[in-house]
Amino acid sequence: MQFRRITPHQGRVYQALLSYFGSKGCFPSHSTLAIESGVSERTVRNALREARMRGWITWTNKRIGRRQTSNLYQITVSSTYVNEVLNGLRQLKRKSAEISQFFRRQNLPGSPYFHIRQASQTIWRRMEKPPEGLTPWQKLFRDNREAAMAQLRTL
């Protein structure tokens, strides 16, 4: 999976999730993350699933009897790498605001989104991969995509 596929909505969900992390992990609900990031609960679930596929987080279901209460989330990458991703998201936000403002001021025809997409690809290309390498799921996805997606569907 490449960083260039992170959407702004996913970035906001990741930032909201990271704001809850402590030494023992965190357990915000999907609705809490949706409210904080300004997206729907479905977008939160998709973003969390994407982060799990990338090997950034893991979670375990917390239950009381048969009722699920919450998920306990754990970060699986180093804190320096998380800070690098957050800095990349901040740079992308600043750069997209600059480009949009430039288009508005100059009254240029067309859409600024092409230029914003190019800027985001440049930012994510500069970022290094996690120092610990690929997770087992990422290795399986690289080698056999069908088996990896079948494994994901069973989760």
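Residue E41 holds its CD atom at 9.5 Å from CG of L33, rounded to the nearest 0.5 Å. To the nearest 0.5 angstrom, I57 atom CD1 is 8.0 Å from R52 atom CZ.
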Check your understanding: Could you go step by step and tell me if Q101 and R105 meet the side-chain contact (heavy atoms from CB on, under 4.5 Å) rule?
Key -> CA-CA 6 Å; Q101 191 175 32; R105 262 191 271 126; 3.6 Å; yes
Exercise for review: Take N46 and E50 through the side-chain contact (heavy atoms from CB on, under 4.5 Å) test and state the conclusion after the steps.
Suggested key: CA-CA 6 Å; N46 290 338; E50 180 80 18; over 6 Å; no
**Study point:** Full working for ring pair (Phe, Tyr, Trp, His ring centres under 6.0 Å) between H115 and F103
**Key:** CA-CA 10 Å; H115 302 286; F103 264 71; 5.4 Å; yes
Point to revise | Worked verdict on E98 versus F102 for side-chain contact (heavy atoms from CB on, under 4.5 Å) | key: CA-CA 6 Å; E98 288 174 12; F102 177 78; over 6 Å; no
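In terms of heavy atoms, G38 sits closest to R12 at O-NH2, 4.1 Å. Annotation for H30 and N71: closest pair NE2-ND2, 3.9 Å, computed over non-hydrogen atoms. What you find for I116 and L92 is that their closest heavy atoms are O-CD1, 4.4 Å. Residues W59 and L48 share a closest heavy-atom pair of CZ3-O, 3.4 Å.
A distance-only check finds a donor-acceptor pair linking the side chain of S19 to the backbone of A16 [under 3.5 Å]. No donor-acceptor pair closer than 3.5 Å links the side chain of T32 to the backbone N or O of P28. Although no hydrogens or angles enter the test, the distance criterion places no donor-acceptor pair under 3.5 Å between the side chain of Y73 and the main chain of Y20.
Tested against V44 for a side chain to side chain contact (heavy atoms under 4.5 Å, CB included), the candidates V13, L17, I35 yield a single pass: V13.
Ring geometry for W56 against Y14 counts as perpendicular: the plane angle is over 60°, on a 0 to 90° scale with 30° as the lower cut.
Using a 4.5 Å heavy-atom threshold, the side chains of R94 and R90 count as touching.
No more than 12 heavy atoms of other residues, nucleotides or ligands lie within 6.0 Å of CZ in R42, so this atom counts as exposed by the packing criterion.
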